[in-house]
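Heads up, the thing below is written out as structure tokens.
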Amino acid sequence: MSTRLAERPEGGASAAHPVTPGEGKTERLTIVRAVRDTLAQEMELDPRVLVMGEDVGVNGGVFRATEGLLERFGPERVLDTPLAEDGIVGTAVAMAMTGLRPVVEIQFMGFVYPAVNQILAHAARIRNRTRGRYHVPMVLRMPYGGGIHAPESHSESYEAMFLNAPGIKVVVPSTPRDTKGLLATAIRDEDPVLFLEPKRVYRAFREDVPVDPYTIPLGEAAIPRPGEDVTLIAWGAMVRVCLDAAKVLEREGVSAEVVDLRTLNPLDRETMLGSVRKTGRAVVVHEAPRTAGFGAELVAQINEHALLHLEAPVQRVTGFDTVFPYARLEKLYLPSRERVVQAVRRTLEF
Amino acid sequence: MSTRLAERPEGGASAAHPVTPGEGKTERLTIVRAVRDTLAQEMELDPRVLVMGEDVGVNGGVFRATEGLLERFGPERVLDTPLAEDGIVGTAVAMAMTGLRPVVEIQFMGFVYPAVNQILAHAARIRNRTRGRYHVPMVLRMPYGGGIHAPESHSESYEAMFLNAPGIKVVVPSTPRDTKGLLATAIRDEDPVLFLEPKRVYRAFREDVPVDPYTIPLGEAAIPRPGEDVTLIAWGAMVRVCLDAAKVLEREGVSAEVVDLRTLNPLDRETMLGSVRKTGRAVVVHEAPRTAGFGAELVAQINEHALLHLEAPVQRVTGFDTVFPYARLEKLYLPSRERVVQAVRRTLEF
Amino acid sequence: MPRTTVLRASIERLEILAPDGSVDGELMPALTDEEMTGMYRDMVRMRAYDAKAVKLQRQGRMGTWASLKGQEAAQAAFAVAMAPEDWLVPAIREQGLALARGVPGHVLYAYWAGDERGSFFPEDVRVFPTAVPIGSQLIHGAGIGMSMRLQGQDAVAVTFGGDGSTSEGDFHEALNFAGVFKAQTVFVIQNNQWAISVPRVSQSAAETLAQKAIAYGIPGIQVDGNDVFAVYVAAREALDRARRGEGPTLIESVTYRLGDHTTADDAGRYRDPEEVAAWETRDPILRLRRYLESRGLWDEPREAALAGEVGRWVEAQVEALEAMPAPDPGDIFRFMYAEMPPHLAGQMHELMEEVGS
Amino acid sequence: MPRTTVLRASIERLEILAPDGSVDGELMPALTDEEMTGMYRDMVRMRAYDAKAVKLQRQGRMGTWASLKGQEAAQAAFAVAMAPEDWLVPAIREQGLALARGVPGHVLYAYWAGDERGSFFPEDVRVFPTAVPIGSQLIHGAGIGMSMRLQGQDAVAVTFGGDGSTSEGDFHEALNFAGVFKAQTVFVIQNNQWAISVPRVSQSAAETLAQKAIAYGIPGIQVDGNDVFAVYVAAREALDRARRGEGPTLIESVTYRLGDHTTADDAGRYRDPEEVAAWETRDPILRLRRYLESRGLWDEPREAALAGEVGRWVEAQVEALEAMPAPDPGDIFRFMYAEMPPHLAGQMHELMEEVGS
Ligand SMILES: Cc1ncc(C[n+]2csc(CCOP(=O)(O)OP(=O)(O)O)c2C)c(N)n1
Ligand SMILES: Cc1ncc(C[n+]2csc(CCOP(=O)(O)OP(=O)(O)O)c2C)c(N)n1
Ligand SMILES: [Mg+2]
Ligand SMILES: [Mg+2]
């Protein structure tokens, strides 16, 4: 079965659904399952939405995030493309400029480099270049991050490069519930959105996710765990590491607040600053290398806007400034619960 | 005339020359002229060095940075390539791995995106990938930055993306003298070096540059102007802006120290921190957009290592988080002397 | 079971209008007199528009300008061949075709004068903005062609690139996608012999650029790009094929860049004046005029009238350009996203304070 | 001056050894008996090495492994055709040829077991490390071919890619550079019909991949990639051409990936078991064995002896792999630059404190 792409319901789908999870039925889903269900739901709601990428059709994606979509929506809305990231993103840009809403899968974030020209020189700039005449409502989904014992180039976290070059929103969910709400918002957004999926926790846990459609606004951080003594700031897979660290700290009598940024651009600076002003101490955690990682920006913003509240320097727990190691050593590279705990201790002992 | 590439003098050229400018004869050169002379000199000294890129041969480069090299060294050492940045950098990577030392010109930094895969997935990683079996002694020269009323994509400062992905050194001279010494070092370096040339000041001023070869070590900042009250940290074309601001401040009785980082990776953290510890106040200046620019990293490092010395939050004077504007508005975008002065005042009034 | 031939391919070259103004009657397309004189008028207008921009640049009233001089024929031919709903995806020298498709002259000038408003085209004009990174627009051409097909629309994406652009990976990915998805796309390579200072032969070892089509299993053809009728015939064939859903075509239009690469370039450094002189005798405008004159469709009085008309039109564009209010500094921020995020609003505020508005 | 043909091109396909073991006597290359049995031994060894890796992976003793099963012939052919000084630039399934070129078996295993030391090859082995980003290595092949030419060396860069890799812009830029600079490079596309789940026909509308050579003005040929003699003949032609300074060649080797894409994949999801069965009858090893047997060069006792020998060799590689000391955590930092910069030394120190060494 195939839905004709041109037949769009008047007004689109955006306005029709609540912006927060409703009361209705829920289902226990993993993150990857939430991705798949949301894609199906948004494709159902808006016939302009289509999915494209390498192996997303017959194979249902190498992580199965698009499983069943081809059968359900047909080859006009689920495109198995040639192996060419620049081509995939560039054709998607043009589709987005001419009435469609492509959701692209880049198989691993480590393979986004060939598409950087189309993303940063075009997708991120078309609205500005044409003073609003054209825009690019496109989502680039990318499994990212380490921890799955994959070969080289399969574990990267390249978010920083998309944050210095403006014009593209960057969203990183950490839970199934957020995945659904944020992905729906990203697809309905009128601008290009990089949607980074923490593949390490793709199937790590399940959560009750409302069956009905809902959206979560971009630019609103969450506080999955409130606390008083120190703020742990993270996104994606590192949120779980911080929550684990907070549990350890609790046993030591330290109350840690965890801020899950959820979107890196736009950034919910106020929630982050509010927490840091309250606790006076902060640890930023990310998988990417330390130098010029997005953590640096967070430290800079805290410095700019909450310096006098700081009891200790903001600590960064990050990947090292090295290539992401192959499987046998990757565990040493990834920020661990222990490293976060140590960093918190440093802020307390300062 | 053409020098056979294979005939390399034993031991190479690296050891043969002083690491700091000698006493000998000097010549008044612009930055672009220093680039050209240094290329010629290094090609003369080491027959493995070759120059390649778009329009670098017959045309002598669109900025004339390679003028005369083709005539002097022949088409085997000065390669006019097809219009394909990924191909240029990728073939250079392989040349560097097999006995040559290519110096590549990317016509404008705004056109580096197509080559990002070869730079970051290969050049920056080959040594580590092969545990030292291969390495990539290659220089990527790129005119960068705004201020010359150029069309879109001709004014970009993309240094941050090359600083978060480790494995490639990043050098940015701000004077003719430094250009010569740093470029010579970069060419003799055993690892890939991004050599960013501030095209806005390519011909803005001349300086006495020693005629004899010399090198300036990577990872050593300069202090072109010492001061007591505030530290201005910059690189490339922004150094001049800071020096201008320092003059204005001097008239107001404020003594500003200017730190010219010269190399961003490796970073001379100690010189920067030493200055900030002394002055207690710092302003970081760069052309790239603010968010996740390299300035954030500097603020983070100051936070980590000199927090207790700070009298005020470190200020950032940067490009906005927008696309670099076309010519008619670019002046508003670029950090100006006035903005730097204002930022200094903010640190003083904090 | 020896060596067998698994593929035979050939590339044709099409020429109809000779430099002396004579035509190949058999291949001559069925164009009305009005269409033919219209093409001529279009080309003359393009040249005047171009010459004025070069002059303005010398006077400091225009930014860097990329001259289209010598490359008018393909643009005039496509202007007639394209349907109103078709898309134009230009490279950097398609100002002429953009004008013909409805982009106002002063708007296009504004782009080259360093003003983003120069890419804000009217709603009903299906012209993409100039893509500065060479070759990157070819992928957009493929993407529009896919988009139209997926949406069941008839429109075709006519996509221009230079000879230099064929070296970028983008060219390859664009043509390959278009071939695989039978995109409604026509790729036109304006082979003007030079990519800045790099001659065509240094760009690829292929004898023709048209033969690159073979790599994608799509039709390719070479035309004399200074021959408006040849381009027109190839354009119609390709447009019709795309519209019928039979997929993309690659057209190599062999022409010549009579001017410098841009106003920032000095072609005298790298090319032989004799080469330029030889190509001047193959001027596409001269040729068409000779033909029209031989058919009694053109003469000196009409030429003089056209010159006056075009001159006035060009001046009007310059006036409209210079009458545009200065760009608003706030516009630096306003078009980054559909809604301005708080951090950008803050930065805009900073700037507004500074400029005092 | 009508339509003229400006290019005629054709692509040949070469087959010598039929699935039943018979050969085309006229095209049969002059290989000694030892070379032919050597090829066979090589292929058997490759298959055993591969099968063992798949098994190890199932047992949790190996990381993700990309099987070369079914693609041995091209590797065995190039092993004989290449000169000692030639370079191998592999894609992801050239383990067999890498072994034949002198990479120790346990070292290569280590790579796939998630250990960077698995790309530290002996000094005299001219084999590039595996490039994970598909197609990116093709540019290195072009670059080495340019490098050898510029340095006046005779060596040729033999560069492998998959059918999928031909879609990347890298393929295009690699072949174009090689053509323009007459690089001493041979490009071998192992067209194994699949790029993970995407079949060859969805990768390009071109009838053959060999015809892509036409786009670069270089020779292209299609060979039966399961026919070790056909590949050998094409390899020799291409290597000789490159060595003579006449430039690169594209060889499309038509073969089949008998296994899953990698051990992380389940090909049963997307391809027909009948297709696999059909290709199993065209097995390159079986075929060569039939030929050798028909020539009296091979028999059951020799097969049994070889099986034993190869089995012992493979076990020795596994033992050597598992005898490797654990990788040193400090190695994460040591090979980033020729000299370790202070910030990295600091980070290494952090880690060393943590792991207590
Ligand atoms: C990716 C990229 N690299 C380099 C440039 C600089 N540049 C602008 S035009 C040009 C030559 C283009 O040649 P061609 O494609 O033949 O078009 P023409 O200028 O002849 O119309 C170059 C190298 C660019 N704009 N984009
Ligand atoms: C740039 C890039 N994109 C995607 C991938 C993921 N990937 C790994 S192998 C592969 C398919 C390769 O197909 P082909 O070139 O035919 O080689 P084969 O696996 O069949 O040997 C893909 C998509 C990658 N490694 N690199
Ligand atoms: Mg050209
Ligand atoms: Mg394949």
Side-chain angles (χ1 to χ4, degrees), chain B residues 53-64 67 70 75 79-88 90 107-108 110-115 117-118 148-156 289-291 317-333 336 338-339 342-343, chain C residues 63-64 66 92 110-119 129-136 162-171 195-199 202-204 261-262 264-267 269-271 326-329 331-336 341 343-344 346-348 350-351 353-355:
Chain B
E54 295 159 11
D55 305 290
V56 298
V58 181
N59 196 33
V62 293
F63 288 102
R64 309 279 171 263
E67 194 164 21
L70 177 65
L79 277 60
D80 265 327
T81 65
L83 211 177
E85 289 75 12
D86 200 33
I88 294 170
Q107 206 158 73
F108 288 83
F111 306 134
V112 73
Y113 283 153
N117 199 34
Q118 286 293 340
I148 63 160
H149 294 283
E152 191 181 347
S153 291
H154 288 72
S155 302
E156 273 62 16
R290 182 171 312 164
T291 298
V317 177
T318 66
F320 300 114
D321 287 324
T322 68
V323 172
F324 193 99
Y326 293 5
R328 291 192 68 180
L329 293 174
E330 77 170 326
K331 203 160 167 282
L332 298 177
Y333 183 89
S336 62
E338 289 67 36
R339 270 190 210 149
Q342 289 291 350
Chain C
T64 307
I92 57 171
Y111 172 80
W112 295 92
D115 189 329
E116 285 85 347
R117 290 172 298 178
S119 299
T130 299
V132 172
I134 294 293
S136 58
D163 44 313
S165 79
T166 66
S167 294
E168 290 279 6
D170 306 55
F171 171 87
I196 308 187
S197 71
V198 178
S202 304
Q203 210 55 251
S204 174
H261 170 68
T262 65
D265 176 57
D266 171 11
R269 293 176 59 89
Y270 53 78
R271 68 180 187 185
D328 178 350
D331 284 358
I332 293 176
F333 304 90
R334 286 197 187 98
F335 301 97
M336 288 303 301
H343 73 286
L344 221 48
Q347 293 180 12
M348 180 163 112
E350 280 175 36
L351 178 62
E353 296 240 297
E354 189 181 320
V355 299

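Letters go in sequence order (proteins before strands), and every chain restarts at 1. For clarity, every value in this text was computed on a predicted model and none was experimentally measured.
- Here the closest non-hydrogen pair linking B/Ser153 and C/Val132 is CB-CG1, 4.0 Å.
- Residue contact with chain C, scored on non-hydrogen atoms closer than 4.5 Å, involves the backbone of B/Thr81 exclusively.
- Rounding to the nearest 0.5 Å places CG of C/Asp331 at 11.5 Å from OG1 of B/Thr322.
- Most heavy-atom pairs under 4.5 Å with chain B, from the set C/Ser167, C/Ser202, C/Ala326: that is C/Ser167.
- Across all non-hydrogen atoms, the minimal contact from B/Leu332 to C/Val355 is CD2-CG1, 3.6 Å.
- Listed by chain and number, the residues in a side chain to side chain contact (heavy atoms under 4.5 Å, CB included) with B/Gln342 are B/Arg345, B/Arg346 (sequence neighbours excluded).
- Side-chain contact between C/Leu351 and B/Arg339: present, with at least one pair of heavy atoms (C-beta onward) separated by less than 4.5 Å.
- Minimum interatomic distance between B/Val58 and C/Tyr270 (heavy atoms only, all atoms of both residues): CG1-CB, 3.6 Å.
- Of the two parts of B/Glu330, neither the backbone nor the side chain holds a non-hydrogen atom closer than 4.5 Å to a non-hydrogen atom of chain C.
- Note that OH of B/Tyr333 is 8.5 Å distant from CD of C/Gln347, once rounded to the nearest 0.5 Å.
- The candidate with the highest count of non-hydrogen atom pairs below 4.5 Å against chain B, out of C/Ile134, C/Ile196, C/Thr64, C/Val198, is C/Ile196.
- Looking at B/Pro325, the atoms closer than 4.5 Å to chain C (heavy atoms on both sides) sit in the backbone and in the side chain alike.
- Heavy-atom pairs under 4.5 Å with chain C were tallied for B/Glu338, B/Arg290, B/His154; the largest tally goes to B/Arg290.
- Heavy atoms closer than 4.5 Å to chain C are found in the side chain of B/Phe111, but not in its backbone.
- Smallest separation of non-hydrogen atoms from B/Asp321 and C/His343: OD2-CD2, 3.3 Å.
- For B/Arg328 against C/Ala113, the heavy-atom pair with the smallest separation is CG-O, 3.4 Å.
- Remark: B/Leu329 CG to C/Asp115 CG distance equals 7.0 Å, nearest 0.5 Å.
- When every heavy atom of B/Pro114 is checked against every heavy atom of C/Glu168, the shortest pair comes out as CB-OE1, 4.4 Å.
- With a 4.5 Å cut-off on non-hydrogen atoms, C/Arg117 touches chain B through its side chain but not through its backbone.
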